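Reviewing the structure listed below.
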Amino acid sequence: MKTEKMSVFSPTQIKTFFGEVKTEFMKIVWPDKKMTLGLTGIVVVLALVLSIYLGSVDLLLGKVVSSFLR
């Protein structure tokens, strides 16, 4: 007896895959609008603070290096 391996790209395998994806997708708990806006605000503020910090460090190091090169 020979057992043939079913192709991953067969229509039944594809249908099974998308059925499992749908099942797992239904398990996702999405955050509400208030939580999403709060976390977005935190990300924006953190990005601004880090960009100001890195910009000032770059400016300071640039001035230090240029003073040594004169």
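Remember, it's a predicted structure, so these values are computed and weren't measured experimentally.
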Spacing of CD1 belonging to Ile42 relative to CG belonging to Leu37, to within rounding of 0.5 Å: 11.5 Å

Ile28 CD1 to Met26 CE distance, which is reported to the nearest 0.5 Å: 9.5 Å

Inter-residue atom distance Phe17.CZ - Phe9.CZ, 0.5 Å rounding: 11.0 Å

Inter-residue atom distance Leu61.CG - Leu54.CG, 0.5 Å rounding: 10.5 Å

hydrophobic_cluster_shared for Val49 and Val43, side chain cutoff 4.5 Å: no

